[in-house]
Participant: 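Mind having a look at this structure? Questions to follow.
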Amino acid sequence: MKTILITGAAGDVGGHLRRELAGKYKLRLSDIKPIKALAPGEEAARGDVAKMADMLRVTKGVDAILHLGGFSFEGPWEDILRANIVGCYNLFEAARRNGVKRVLFASSNHATGFYRRDEKIDHRVYPKPDSRYGLSKVFGEQLGSLYADKYGMEVFCMRIGNVNVTPADKRRLSIWISPRDLARLVSVGVENPNISFEIVYGVSDNRRSWYDNANAHRLGYQPQDDAERHATEVLAREKPGDARGETYQGGNFVFAEIGGDPTRVAPPPRVMSKPRKPDNGRKTAAGKILTKKTPARKTAKPKKRQ
Ligand code: 15L
């Protein structure tokens with residue numbers, strides 16, 4: 001049985017996953033807070049993500065890491081910097097030094113929170129963080145990309161919506177993930193043998209989803225839950241929200257501390273197209289690109305019929 005390190009294991013998401021993954025993996029649970037009441041198959045390894053020595057100790061000898069640790073909402077820059085930037089770096093670097101290849105990174109819907117609710121986005125969109133917190137999640141994803149390319153690590157970034165037993169409000173009807181669907185997604189991240197660097201959305205199969213989660217499905221994710229089952233109940237207790245928060249996917253994170261006019265949010269730059277072969281040469285009729293090294297073969301002009 002594989003041993004998985006869960007950082008930030010004392011939090012709510014950690015609690016759901018401990019229950020859902022019990023018996024499937026051995027769990028090493030790490031958090032800055034003490035973890036009490038260990039279940040069979042669990043061990044505790046207390047550690048502060050901001051301390052490299054702690055991360056080197058807790059990452060030793062595991063098969064994969066699920067990095068939930070750090071600040072899980074908007075906060076002062078000093079806290080985000082310590083827990084989510086320094087902490088994330090320490091985690092990846094400690095994993096690399098200890099030879100742990102597989103890291104599942106708990107990214108967030110707030111990495112793309114400045115997309116509008118009338119847009120459907122996939123894993124290839126340009127990030128549009130809605131907060132310092134969202135920005136730290138973009139940092140974590142890009143750190144994962146660096147460690148995958150440079151050191152051959154296998155990094156699975158899950159842009160998690162909101163983990164709860166039932167969806168809490170109207171916005172969450174689009175981004176909710178049930179604990180058991182999250183456990184399914186985590187299992188894909190741990191077990192799929194062909195992961196180098198991937199971004200997926202951590203959401204259930206919600207009818208109102210703002211995400212095209214084809215990449216997760218391609219990798220084997222089969223969510224079973226849909227927030228719609230709870231929609232009548234959720235909408236009946238919904239109070240009218242702030243129009244600014246209603247426009248963007250990130251909700252309240254978007255308009256917290258907002259200074260400018262939120263209707264003027266810039267469209268994403270056109271930089272996310274697929275890389276192409278350099279077309280610094282001419283193309284043959286078959287579409288082959290000719291560079292200086294591969295000159296065009298002279299083709300004889302068809303002779304005119306006499
Ligand atoms: C998140 O990323 C947070 O960790 C969580 O606390 C929720 O606020 C969630 O997003 C959300 O958007 O509902």
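This structure is a prediction, so every number in the text was calculated from the model and none was measured.
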Participant: Between atom CG of L68 and atom CG of L29, what is the distance when rounded to the nearest 0.5 Å?
Facilitator: 10.5 Å
Participant: Heavy atoms, side chains only, cut-off 4.5 Å: are R184 and Q222 in contact?
Facilitator: no
Participant: Are F156 and V13 joined in one hydrophobic group, where the rule is that I, L, V, M, F, W and Y side chains link up if heavy atoms are under 4.5 Å apart?
Facilitator: yes
Participant: Taking the side chain as every heavy atom from C-beta outward, state whether S136 and I85 have any pair of such atoms under 4.5 Å apart.
Facilitator: yes
Participant: May I ask you to say whether D63 pairs ionically with R102, meaning some side-chain N is under 4.0 Å from a carboxylate O?
Facilitator: no
Participant: Between N192 (side chain only) and L219 (backbone N and O only), is there a donor and an acceptor less than 3.5 Å apart?
Facilitator: yes
Participant: So if you build clusters from Ile, Leu, Val, Met, Phe, Trp, Tyr with side-chain heavy-atom gaps below 4.5 Å, do W210 and L235 land together?
Facilitator: no
Participant: Give a yes or no on whether the backbone of S131 and the side-chain of E74 come within a donor-acceptor separation of less than 3.5 Å.
Facilitator: no
Participant: Which atom names give the shortest non-hydrogen contact between I80 and Y133, and what distance separates them?
Facilitator: CD1-CA, 3.9 Å
Participant: So R117 and R171, do their side chains get closer than 4.5 Å, heavy atoms only?
Facilitator: yes
Participant: Atom CD in E228, atom CG in D205: separation rounded to 0.5 Å?
Facilitator: 11.0 Å
Participant: Can E198 and N215 be counted as having a side-chain donor-acceptor contact under 3.5 angstrom?
Facilitator: yes
Participant: Angle class for the H110/F253 ring planes (parallel below 30°, perpendicular above 60°, tilted otherwise)?
Facilitator: parallel
Participant: Establish whether I6 and L38 are linked, either directly or via other cluster members, by ILVMFWY side-chain heavy-atom contacts under 4.5 Å.
Facilitator: yes
Participant: Between N90 (side chain only) and A50 (backbone N and O only), is there a donor and an acceptor less than 3.5 Å apart?
Facilitator: yes
Participant: W176 and side chain to side chain contact (heavy atoms under 4.5 Å, CB included): which single residue from D225, D169, V234, V165 fits?
Facilitator: D225
Participant: Is E42 paired with K26 through a side-chain N to carboxylate O contact shorter than 4.0 Å?
Facilitator: no
Participant: Evaluate the side chain to side chain contact (heavy atoms under 4.5 Å, CB included) criterion for residues S30 and L5: first the C-alpha distance (whole Å), next the side-chain angles of each, then the deciding distance (0.1 Å), finally the verdict.
Facilitator: CA-CA 7 Å; S30 180; L5 164 69; 3.8 Å; yes
Participant: How long is the straight-line distance from CG of N164 back to OG of S204, given to the nearest 0.5 Å?
Facilitator: 11.0 Å
Participant: Is the shortest side-chain heavy-atom distance between V103 and E154 below 4.5 Å?
Facilitator: no
Participant: Report the residue from L27, V62, L17 that forms a side chain to side chain contact (heavy atoms under 4.5 Å, CB included) with I4.
Facilitator: L27
Participant: Between K120 and D212, does any side-chain N to carboxylate O distance fall below 4.0 Å?
Facilitator: no
Participant: Show the nearest heavy-atom pair for residues R172 and A227, with the distance to one decimal.
Facilitator: O-CB, 4.5 Å
Participant: Take R28 and E43 through the salt bridge (Lys or Arg N to Asp or Glu O under 4.0 Å) test and state the conclusion after the steps.
Facilitator: CA-CA 5 Å; R28 182 180 296 170; E43 56 169 320; 3.3 Å; yes
Participant: Kindly determine whether V49 and I32 satisfy side chain to side chain contact (heavy atoms under 4.5 Å, CB included), including the steps that lead there.
Facilitator: CA-CA 8 Å; V49 286; I32 197 165; over 6 Å; no
Participant: Please evaluate residues K33 and D31 with respect to the criterion salt bridge (Lys or Arg N to Asp or Glu O under 4.0 Å), reporting the C-alpha separation (whole Å), side-chain torsions for both, the decisive distance (0.1 Å), and the verdict.
Facilitator: CA-CA 5 Å; K33 295 184 198 141; D31 204 291; 5.3 Å; no
Participant: Rounded to the nearest 0.5 Å, how far apart are NE2 of H16 and OG of S178?
Facilitator: 10.0 Å
Participant: Taking all non-hydrogen atoms of both residues, which atom of P76 and which atom of R132 are closest, and how far apart?
Facilitator: C-NE, 4.2 Å
Participant: Using modelled atom types and a 3.5 Å cut-off, is there a donor and acceptor pairing between side-chain atoms of N109 and backbone atoms of I175?
Facilitator: no
Participant: If every non-hydrogen atom of S187 is compared with every non-hydrogen atom of K24, which pair is closest and at what distance?
Facilitator: OG-NZ, 3.0 Å
Participant: How many angstroms lie between CG in D130 and OH in Y115, if you round to the nearest 0.5 Å?
Facilitator: 12.5 Å
Participant: Do R159 and V200 make a side-chain contact, defined as non-hydrogen atoms from C-beta onward lying under 4.5 Å apart?
Facilitator: no
Participant: Counting only heavy atoms not in D149, do more than 12 fall under 6.0 Å of its CG?
Facilitator: yes
Participant: Would you say I121 and Q249 make side-chain contact, with heavy atoms under 4.5 Å?
Facilitator: yes
Participant: Does atom CZ of R229 have more than 12 heavy-atom neighbours from other groups under 6.0 Å away?
Facilitator: no
Participant: Show the nearest heavy-atom pair for residues L21 and A183, with the distance to one decimal.
Facilitator: CD2-CB, 3.9 Å
Participant: Count I, L, V, M, F, W, Y as connected when their side-chain heavy atoms are under 4.5 Å apart, and connections chain through other members. Are V188 and V163 then in the same cluster?
Facilitator: yes
Participant: Is it the case that the side chains of T7 and H67 hold a donor-acceptor pair, with the cut-off being a distance below 3.5 Å and no angle test?
Facilitator: yes
Participant: Taking all atoms of both residues into account, what is the closest heavy-atom pair of N206 and D226, and its distance?
Facilitator: CA-OD1, 3.3 Å
Participant: Check step by step if side chain to side chain contact (heavy atoms under 4.5 Å, CB included) holds for Y221 and D181.
Facilitator: CA-CA 9 Å; Y221 176 48; D181 277 348; 3.4 Å; yes
Participant: Quick one: sort the F71 and F73 rings into parallel, tilted or perpendicular, breaks at 30° and 60°.
Facilitator: tilted
Participant: Check this for me: does any side-chain nitrogen of one of R82 and D48 sit under 4.0 Å from a carboxylate oxygen of the other?
Facilitator: yes
Participant: For K51, does the NZ atom sit with more than 12 other heavy atoms under 6.0 Å from it, leaving out its own atoms?
Facilitator: no
Participant: Could you work out, with ring-ring contact (aromatic ring centres under 6.0 Å, His included) as the rule, every residue matching F197, not counting sequence neighbours?
Facilitator: none
Participant: Out of L185, L66, L104, which residue meets the side chain to side chain contact (heavy atoms under 4.5 Å, CB included) rule with V190?
Facilitator: L104
Participant: If only atom types and distance count, is the side chain of K137 paired as donor or acceptor with the main-chain N or O of A106 below 3.5 Å?
Facilitator: yes
Participant: Run the side chain to side chain contact (heavy atoms under 4.5 Å, CB included) test on Y211 and S174 for me, step by step, so that the C-alpha distance in whole Å, both residues' side-chain angles and the decisive distance to 0.1 Å come before the verdict.
Facilitator: CA-CA 9 Å; Y211 311 115; S174 301; over 6 Å; no
Participant: Any salt bridge between K2 and E191, counting N to O under 4.0 Å?
Facilitator: yes
Participant: Who pairs with F92 by ring-ring contact (aromatic ring centres under 6.0 Å, His included), at least two apart in sequence or on another chain?
Facilitator: Y147
Participant: State, yes or no, whether a side-chain contact exists between I35 and R46 at a heavy-atom distance under 4.5 Å.
Facilitator: no
Participant: Side-chain contact test, heavy atoms from C-beta onward, threshold under 4.5 Å: evaluate it for I195 versus V155 and give yes or no.
Facilitator: no
Participant: Between E119 and R116, is there a side-chain N and carboxylate O pair less than 4.0 Å apart?
Facilitator: no
Participant: Would a hydrophobic clustering, with Ile, Leu, Val, Met, Phe, Trp and Tyr connected at side-chain separations under 4.5 Å, put V100 with L143?
Facilitator: yes
Participant: Distance from M52 atom CE to M55 atom CE, nearest 0.5 Å?
Facilitator: 9.5 Å
